[in-house]
Each structure stands twice: as structure tokens, then as C-alpha cells.
> 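Structure provided below as C-alpha cells; questions to follow.
Since we're looking at a predicted model, the values are computed, not measured. Below, chains carry the letters A, B, ... as their sequence lines are ordered, and counting in each starts from 1. Hydrogens, waters and symmetry mates play no part in the numbers below; they use all other heavy atoms, side chains included.
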Amino acid sequence: MEIKSVLSSKIDAAFTQLGLQGQAAVQASARAEFGDYQANGVMAAAKRAQKNPREVASQVVDILDLAGVASKVEIAGPGFINITLEAKFLAQNMPGRVDPVTEAATIVVDYSAPNLAKEMHVGHLRSSIIGDCLVRVLEARGHHVIRQNHVGDWGTQFGMLLTFMQDNNADGRTDALADLELFYRAAKVRFDADDNFRSRARLAVVGLQSGDADSLSAWQHFIEISMTHCDDIYQRLGVTLTRKDIAGESSYNDDLAQVVKDLDAQSLLQESAGAQCVFLDQFKNKKGDILPVIVQKSDGGYLYATTDLAAIRHRTGTLKANRVLYFTDARQSLHFKQIFAVASVAGFNRNNASLEHMPFGSMLDAKGKPFKSREGGVIKLSDLLDEAERRATELVRQKNPHMSQAQAENLGRVIGIGAIKYADLSKNRTSDYVFDWNQMISFEGNTAPYLQYAYTRIQSLFSKGDVKVEDLPSQVIAIDEHERRLAVTLAGFNDTLDQVIEEGMPHLLCSYLYELATRFTQFYEACPILKSDGQDRSRRLALANDTAMTLRQGLDLLGIGVVSHM
RNA sequence: GCGCCCGUAGCUCAACUGGACAGAGCAUCGGCCUUCUAAGCCGAGGGUUGAAGGUUCGAGUCCUUCCGGGCGUACCA
């Protein structure tokens with residue numbers, strides 16, 4: 001159950017009854033002395049009604065019915081309402097699982113979107129794992145999720161690659177394409193140096209666009225190999241995207257001319273310097289200069305704005321999305337503002353869906369510069385994952401000198417990939433973040449290994465104490481203060497997931513899990529579990545089990561695995 | 001030039017969107033392993049939230065100006 005929603009709806013009802021305008025503004029209490037939850041909305045509502053906030057608070061509390069939910073409701077300060085939850089209510093809200101929402105929505109999530117001309121590099125990491133986390137959380141809450149991997153599988157660069165492929169007789173040879181990055185670079189060198197090659201490459205693009213069978217089959221072959229590279233990365237990263245989620249740029253080809261035609265039919269189109277543009281007033285600066293949204297180049301070609309407009313029609317029309325979430329680089333903010341606006345005036349948003357750009361910042365190195373390889377080039381994602389696994393395996397070996405190499409490598413995979421993902425997911429999506437191996441690999445503090453470690457300690461309790469989890473009570477009343485704080489934290493799980501869904505912010509789930517693990521470890525240090533008897537023992541084991549299930553479930557929603565020993 | 005984002009402890013990040021004394025981790029210093037995994041726990045120090053004004057019961061959060069940084073800004077995505 002969502003504690004915040006329960007409290008909010010009760011307090012909102014009291015507000016309505018008293019004729020007050022405003023929201024309850026419930027949040028977890030800032031300090032232990034303020035109870036478990038606090039409602040801050042009275043002050044604002046009282047001001048609006050020009051009444052004394054403390055009096056209003058006392059009226060709210062008088063008619064507030066929190067029977068079975070709260071054991072204590074107090075007014076504090078200028079008009080805060082502090083709420084302490086009833087022990088029995090807490091007992092009923094030990095999560096261990098995710099509750100489904102009452103109204104499921106259809107939500108399209110656009111994420112990952114690698115350029116298939118090259119191999120995936122670090123720039124694709126954030127979109128892939130942040131988007132995948134949202135997908136997991138949305139599905140867990142019972143929403144109908146449609147993944148859309150908007151891969152870059154079309155455009156001029158493919159002319160170059162296909163021509164290079166033919167010249168090198170690489171059509172049927174996967175080994176030539178084993179390293180797409182090298183292949184791309186070699187093709188680019190040829191393209192820049194050889195006029196004849198360049199013109200043949202341009203012809204190949206024309207062939208592709210006009211649907212020439214040979215060009216198309218070569219193109220398909222190339223795409224197939226490139227996607228195999230992506231699948232491998234997704235599999236290693238634990239990203240749930242599959243082939244059926246691919247809706248690349250090429251899939252909108254047939255609709256692009258129609259998009260332009262439809263814009264024209266609504267008199268939204270204007271020619272400027274030979275290009276077909278949409279000019280909207282809201283993209284005018286103070287001086288009156290208007291920014292165009294170009295939908296067709298002067299040479300007749302289409303652009304990503306055109307493709308994205310076609311995608312909006314498809315997603316809100318055919319797919320019937322209520323929400324469309326775009327996980328792309330923050331640098332595309334203006335682009336999305338523009339196409340959302342165009343879609344709106346042109347009536348392309350068929351379902352009146354909420355179109356939301358979920359931008360994220362760049363990865364920087366320790367010096368605050370864009371994260372590059374030592375040579376200044378892009379870093380392949382596969383290399384990054386190799387290094388994470390290598391470093392983690394090394395650390396596992398240090399901590400467990402007697403462990404076999406194979407076992408250390410197994411642990412190293414889960415821990416290393418978890419560490420790299422968590423380091424990213426735990427930071428606020430919108431800002432740039434510093435990627436630092438030394439920090440990430442220390443595995444101390446707010447990291448995935450800390451959470452995984454808390455989980456293994458619980459598993460260790462169960463195996464050492466020969467505990468059958470199914471025999472544990474499903475509801476227990478917390479007694480010790482450490483138990484109670486743990487129970488309150490456990491109860492907040494579903495609230496956290498709601499917030500992640502609302503704002504598209506996985507770091508909120510990370511913060512929650514870190515707090516949960518911290519609370520558990522404090523409880524673990526303070527309260528003997530296996531060494532206690534009777535009710536103390538079963539109660540504490542039940543709390544430990546709920547913590548373990550919530551940690552595992554929460555990490556799974558982040559796309560991070562757990563191990564039973566580390 | 002114009003637009004968007006950012007500036008919080010030595011470093012990396014939080015702060016539930018205007019709430020109570022700005023919190024964590026790393027690093028530093030001091031304690032805790034014959035007791036359920038020390039990848040842990042307990043404690044200490046460390047802040048004029050870039051600066052100055054303003055709005056109000058209350059501002060890291062909103063408004064104005066300035067300083068510093070990043071990104072974007074007509075046919076790449």
C-alpha cells in the first residue's frame with residue numbers, strides 16, 4: 001500500500017470538509033521527533049483562507065479519521081501535522097512485493113536508441129539503463145508498457161558502410177564486422193580520401209532510399225550484425241530490450257512524406273531557404289527572430305524532426321499511449337520542445353497523451369571533461385563493461401582468497417555490472433555526472449555492493465539458522481526502536497516507486513534502498529537475531545526476510561542482480 | 001547575441017518540487033571483530049548553499065541583477 005496516498009487522501013478529505021483549498025503535502029518526516037510522516041499543507045491552505053494556521057490545523061486534526069492508521073497525530077510549529085503510524089498498520093504494510101496500481105496506463109518508453117552504424121559506446125549507457133529501470137518499475141506496478149528502441153538504422157552513413165562492405169567482399173563475412181568500430185573508421189578514412197568511393201557511397205544511399213533490392217539486402221545484413229552486437233550488450237547489462245522492441249528510424253520512412261503533406265494541408269508549412277519549415281511563435285526570441293523546425297531539407301531529404309513527428313503519430317495513434325517517455329540526452333531538449341509543440345498544433349498527438357522528455361546529463365571524467373578514452377576517442381560500452389567486471393573480480397579475489405577463479409568471476413560479473421549501473425542510476429538524472437573508477441570500485445557507501453552485501457548477510461542468517469522462510473509470520477509488530485525504524489522504511493517502498501514513475505527518476509529508488517540497507521544494518525548490529533529466541537527471533541527474522549525481499553525486488557527494478565554470498 | 005541547464009563540506013552526491021536545526025558517502029581523526037559476513041557499525045571535526053537584493057510565517061528551492069561553468073541555437077541525430 002502507498003502510505004503517502006492513504007494519508008494524503010484522508011487529509012485532503014478533511015480539507016474539503018472544512019472548505020480549504022490546497023494539498024495535504026504529506027512527506028516522510030524530516031526528523032524522528034516529528035513522527036513518521038508530516039503534512040505541511042495546512043499553512044498554505046490557512047493563508048489562502050486568511051485564517052490562523054494553528055487553528056486550522058487543529059480543526060483538521062479534529063475531523064481527521066486515521067483510525068487503524070495512526071497512533072498519534074500532533075500539531076507542531078506554525079501548523080505542521082505530525083503523524084506517527086500505528087504499529088499494526090505498519091505490520092500490515094511490510095512490502096516484500098510491489099502492489100499493482102488500480103488504473104493501468106499505456107506507456108511508451110523510448111530509450112537506448114543506439115546508432116547501428118557503430119558499436120554502442122558509453123554515450124548509450126545512461127539512456128539504456130535509466131530507461132530500462134523505468135520500464136521495469138512501470139511494469140511492476142501493472143502498467144502496460146511498450147518499449148521503443150528508436151535505433152539509428154537509416155541515413156547517409158549507411159551508404160558509406162554498404163559500399164565499403166561490397167568493396168571488401170564483407171557481405172557474408174561476420175568476422176569483417178566483428179569490430180564495428182574499426183570497420184566504421186576504415187570506411188570513413190576511405191570516404192574522406194577517395195572521391196570515387198564517395199560518389200559511389202552517395203549512389204548507394206539513393207539506391208537504399210529508392211528501395212533497390214540488392215542495397216536493401218546488404219543493408220539488412222549489416223543491421224542484423226550490428227543488432228547482434230547490441231543484443232550482447234543488453235544481455236550483459238541486464239537491459240530488457242529485445243528485437244521486437246526495435247522501432248528504428250527506417251520504420252517511419254513511408255510516413256515521412258505524409259507528415260509533411262499533412263503539415264502543409266494545415267498551412268503550417270513555410271518554405272525558407274529551400275527547406276520546408278514550421279515556424280511557431282513560442283520559439284521566437286525577444287528580438288523577434290523565429291526558430292524554424294525544419295521537416296524537409298532543400299534537397300528533399302527528411303530529418304529527425306520529421307521522423308520524431310511520425311513516431312508521435314504512431315505511438316499516440318496506433319499504440320494508443322497515454323504517456324510517452326523519451327530518455328535522451330539533455331542536449332536534445334530544444335528539439336523535443338519543438339516537435340511536441342508542432343505535434344500539438346498539428347493534431348499529431350492522437351490520444352492527447354502526455355509527451356515527456358526525460359533528459360539526462362553527460363558522463364564526465366575526473367577532471368570534469370567529457371568521458372573519453374586515453375586517445376581521446378569514444379569508449380566502447382563492451383570495453384567499459386569488461387573493465388568493470390575485471391576490477392570487481394579482482395576485488396572479490398582479494399576479499400575471498402580461497403575462492404575459485406570461476407566463482408570469483410561469476411560474482412565479479414554481478415558486482416561489477418551492478419556497481420557501474422548503480423553509480424549512474426543513483427545520481428540525479430538531469431545533471432552531468434563524474435565517472436570515476438576509483439570511487440565506484442571502492443564499493444563503500446552508497447553503492448550497489450553495499451546493498452548486495454546487506455542482502456547476502458540476510459541470506460547467511462537463513463542458511464546458518466536453518467530458517468524456512470515460509471514458516472515466518474507474514475505480519476509482525478515491531479518492538480525495538482531499530483525494528484520500528486526498519487518497519488517504517490519498509491512501508492515506504494510503494495510510495496517510492498510511485499515517485500520514480502511520476503518523475504522518471506531512478507535515483508529516488510536508489511536512495512530508498514540505501515536507506516533501507518542502512519536501517520537494516522543498524523538493526524542487525526543492535527538486535528541479535530539468531531541468538532534470540534521465541535517471538536523475538538521469529539519477529540526479527542520476519543523483518544530480515546522482508547528487507548531481503550524488498551532489497552532483491554528493488555535491485556531487480558534497477559536491473560541489478562543479487563548473490564547469496566560475497 | 002539569444003535560449004535552456006547548473007553552481008550545496010576538501011572530493012562525489014542528496015535534500016520528496018516552498019517546510020522545522022541543509023543530509024549521506026569518500027577523505028581526515030578516534031573507537032568496535034574469542035558474539036549472526038568488518039564490502040560493516042558507533043562517534044568527531046568539516047557549510048555565509050557562487051554574490052547581492054527581493055517575495056513571506058518560512059527560501060538551497062520562487063523573482064531580479066551580477067559572477068563563474070556546461071549545452072543548444074536552419075537543413076547531423
> Closest nucleotide of RNA chain B for A:Val42 versus for A:Pro370: which of these residues is on the 5' side?
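The residue mapped nearer the 5' terminus is A:Val42.
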
> Rounded to whole angstroms, how far apart are CD on A:Gln270 and C1' on B:A74?
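That distance rounds to 13 Å.
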
> In whole Å, measure the gap between the P atoms of B:G25 and B:A44 for me.
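To the nearest whole Å, 12 Å.
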
> Does the side chain of A:Lys399 get closer than 4.0 angstrom to OP1 or OP2 of B:A39 through an N or O atom?
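For B:A39, OP1/OP2 do have a side-chain N/O of A:Lys399 under 4.0 Å.
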
> RNA chain B: A:Ala25 or A:Asn82, which has the more 5' nearest nucleotide?
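Upstream on the strand: A:Ala25.
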
> If you measure only the distance, is there a donor-acceptor pair under 3.5 Å linking the side chains of A:His124 and A:Ser112?
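Their side chains do not contain a donor-acceptor pair, so the 3.5 Å distance test is not met.
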
> Which base sits across from B:C11 as a Watson-Crick or G-U pair, both distances under 3.5 Å?
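The base-pairing partner of B:C11, which may sit in any strand shown, is B:G25.
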
> Would you say B:A77 has OP1 or OP2 under 4.0 Å from some side-chain N or O of A:Tyr304?
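Checking A:Tyr304 against B:A77: no side-chain N or O falls below 4.0 Å of OP1 or OP2.
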
> Would you say A:Ser442 reaches B:C26's phosphate, i.e. side-chain N/O to OP1/OP2 under 4.0 Å?
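False: A:Ser442 side-chain N/O out of range (4.0 Å or more) of B:C26 OP1/OP2.
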
> Could you work out the separation of B:A22 and B:A51 based on their P atoms and round it to a whole Å?
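The same atom, P, in both gives a distance of 16 Å.
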
> Would you mind classifying the nucleic acid contact of A:Leu291 as base, sugar-phosphate or nothing, using non-hydrogen atoms under 4.0 angstrom?
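Touches sugar-phosphate only.
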
> For the side chain to side chain contact (heavy atoms under 4.5 Å, CB included) test, which of A:Asn253, A:Thr156, A:Leu162 pairs with A:Leu208?
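So, applying the side chain to side chain contact (heavy atoms under 4.5 Å, CB included) to A:Leu208 and each of A:Asn253, A:Thr156, A:Leu162, only A:Leu162 qualifies.
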
> Using only side-chain N and O atoms of A:Tyr450, determine if any of them is under 4.0 Å from OP1 or OP2 of B:C41.
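Checking A:Tyr450 against B:C41: at least one side-chain N or O falls below 4.0 Å of OP1 or OP2.
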
> Is there, by distance only and without an angle test, a donor paired with an acceptor across the side chain of A:Gln452 and the base of B:A39 below 3.5 Å?
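No, no donor-acceptor pair under 3.5 Å.
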
> Could you tell me whether A:Ala76 contacts a base, only the sugar-phosphate backbone, or nothing, with contacts defined as non-hydrogen atoms closer than 4.0 Å?
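Since a base atom lies under 4.0 Å of A:Ala76, the category is base.
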
> If you take the centroid of each ring, where Trp contributes its six-membered ring, are A:Tyr450 and A:Phe443 closer together than 6.0 Å?
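So the answer is no for these two rings.
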
> Taking atom C1' in both B:U34 and B:U28, compute the distance separating them and give it to the nearest angstrom.
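Pairwise C1' distance, B:U34 against B:U28, rounds to 32 Å.
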
> Let's see if you can work this out: which of B:A20, B:A14, B:C36 has an atom nearest to the side-chain heavy atoms of A:Lys464?
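Nearest to the side chain of A:Lys464 among the choices is B:C36.
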
> Sticking with atom C1', work out how far B:U64 lies from B:A24, rounded to a whole angstrom.
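Approximately 34 Å lies between the C1' atom of B:U64 and that of B:A24.
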
> When you compare B:U8 with B:U61, how far apart are their C1' atoms, in angstrom units rounded to a whole number?
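12 Å, rounded to whole Å.
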
> For the pair A:Arg331 and A:Asp329, find out whether any cationic side-chain nitrogen is under 4.0 Å from an anionic carboxylate oxygen.
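Yes, A:Arg331 and A:Asp329 are salt-bridged.
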
> Please determine, for B:G60, whether a Watson-Crick or G-U wobble partner exists with both distances under 3.5 Å, and give it or none.
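Matched B:G60 with nothing under the 3.5 Å cut-off.
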
> With rounding to the closest Å, how many angstrom separate the P atoms on B:G46 and B:G23?
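It comes out at 14 Å once rounded to the nearest Å.
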
> What distance, rounded to whole Å, do you find between the two P atoms, one in B:C41 and one in B:G53?
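Between the two P atoms, the distance is 42 Å.
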
> Using the glycosidic torsion, which applies to B:U65: syn (within 90° of 0) or anti (everything else)?
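What B:U65 shows is an anti base, its glycosidic angle lying more than 90° from 0.
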
> How close or far is atom P of B:U56 from atom CD of A:Gln50, stated in whole angstroms?
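Spelled out: CD on A:Gln50 to P on B:U56 is 13 Å.
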
> Check the phosphate of B:C4 against A:Lys337, side-chain N and O only, distance under 4.0 Å to OP1 or OP2. Yes or no?
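For B:C4, neither OP1 nor OP2 has a side-chain N or O of A:Lys337 closer than 4.0 Å.
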
> At less than 3.5 Å, do the side-chain atoms of A:Ser511 and the base atoms of B:A14 form a donor-acceptor pair?
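Result: no qualifying N/O pair found.
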
> Is A:Ser333 touching bases, backbone alone, or none of the nucleic acid, heavy atoms closer than 4.0 Å?
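Here A:Ser333 touches no strand at all.
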
> Does B:C62 adopt a syn or an anti glycosidic conformation, taking syn as a chi angle within 90° of 0?
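Judged by the O4'-C1' to base torsion, B:C62 sits in anti, the angle falling more than 90° away from 0.
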
> Provide the full list of ring pair (Phe, Tyr, Trp, His ring centres under 6.0 Å) pairs with a residue in residues 292-312 of chain A, sequence neighbours left out, each pair given once.
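Qualifying pairs, neighbours excluded: A:Tyr304-A:His335.
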
> Which of the following nucleotides, B:C71, B:A20, B:C16, is nearest to the side chain of A:Arg331?
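It is B:C71.
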
> What is the distance, to the nearest angstrom, from the CD atom on A:Glu503 to the C1' atom on B:A15?
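Nearest whole value for this atom pair: 13 Å.
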
> So that I can tick it off, tell me whether A:Arg390 and A:Glu409 are bridged by a salt bridge, with the cut-off set at under 4.0 angstrom between side-chain N and carboxylate O.
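A salt bridge is absent here (no side-chain N lies under 4.0 Å from a carboxylate O).
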
> Around atom CD of A:Glu271, are there more than 12 heavy atoms from other residues, nucleotides or ligands closer than 6.0 Å?
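Counting other residues, nucleotides and ligands, CD of A:Glu271 exceeds 12 neighbours.
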
> What is the separation between atom CG on A:Leu334 and atom P on B:U73, rounded to the nearest whole Å?
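It works out to 8 Å between those atoms.
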
> May I have the distance from A:Asn446 (atom CG) to B:G25 (atom P), rounded to whole angstrom?
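Nearest whole value for this atom pair: 9 Å.
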
> Starting at CZ of A:Arg48 and ending at C1' of B:C57, how long is that distance when rounded to a whole Å?
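Taking CZ of A:Arg48 and C1' of B:C57, I get 15 Å after rounding.
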
> At under 4.0 Å between heavy atoms, what does A:Ser272 touch on the DNA or RNA strands: base, sugar-phosphate, or nothing?
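The answer is base, as A:Ser272 lies within the cut-off (heavy atoms under 4.0 Å) of a base atom.
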
> For B:G7 and B:A15, measure between their C1' atoms and round to the nearest Å.
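After rounding to an integer number of Å, I get 16 Å for this pair.
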
> For A:Leu508 and B:A24, give me the distance from atom CG to atom P, rounded to whole Å.
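Taking CG of A:Leu508 and P of B:A24, I get 18 Å after rounding.
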
> Determine, for A:Tyr433 and A:Lys427, whether the Lys NZ or Arg CZ falls below 6.0 Å from the six-membered ring centre while staying within 45 degrees of the axis.
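Cation-pi check for A:Lys427 and A:Tyr433: fails.
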
> Does a donor on one side chain and an acceptor on the other come within less than 3.5 Å for A:Glu444 and A:Ser442?
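No.
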
> Who does B:G18 pair with, Watson-Crick or G-U, both distances under 3.5 Å?
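Paired with no nucleotide.
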
> Can you tell me the distance, in whole Å, between the CD atom of A:Gln332 and the P atom of B:G70?
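Taking CD of A:Gln332 and P of B:G70, I get 21 Å after rounding.
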
> For residues A:Ser250 and A:Asp153, is any side-chain donor paired with an opposing acceptor at under 3.5 Å?
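Checked: A:Ser250/A:Asp153 side chains pair up, N/O donor to acceptor below 3.5 Å.
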
> Using a cut-off of strictly less than 4.0 Å, decide whether A:His335 has a side-chain nitrogen or oxygen near OP1 or OP2 of B:U73.
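Negative; the distance criterion is not met.
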
> Respond yes when some side-chain nitrogen or oxygen of A:Arg457 is under 4.0 Å from OP1 or OP2 of B:A39, and no when none is.
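Checking A:Arg457 against B:A39: no side-chain N or O falls below 4.0 Å of OP1 or OP2.
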
> What parts of residues 521-529 of chain A reach RNA chain B, counting only heavy atoms under 4.0 Å away?
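Residues of residues 521-529 of chain A that come under 4.0 Å of RNA chain B are, in numerical order, A:Thr521, A:Gln522, A:Tyr524, A:Glu525, A:Cys527, A:Pro528, A:Ile529.
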
> If we call it a pair only when both distances are under 3.5 Å in a Watson-Crick or G-U wobble match, what pairs with B:C4?
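Paired with B:C4, as far as the under-3.5 Å criterion goes, is B:G70.
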
> With a 3.5 Å cut-off and heavy atoms only, can you find an N or O donor on one side and an acceptor on the other between the side chain of A:Asn438 and the base of B:A27?
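Counting by modelled atom types and ignoring angles, no donor-acceptor contact under 3.5 Å is found here.
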
> Quick one: do A:Asp498 and A:Lys4 make a salt bridge, cutoff under 4.0 Å?
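The answer is no: the pair does not qualify as a salt bridge.
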
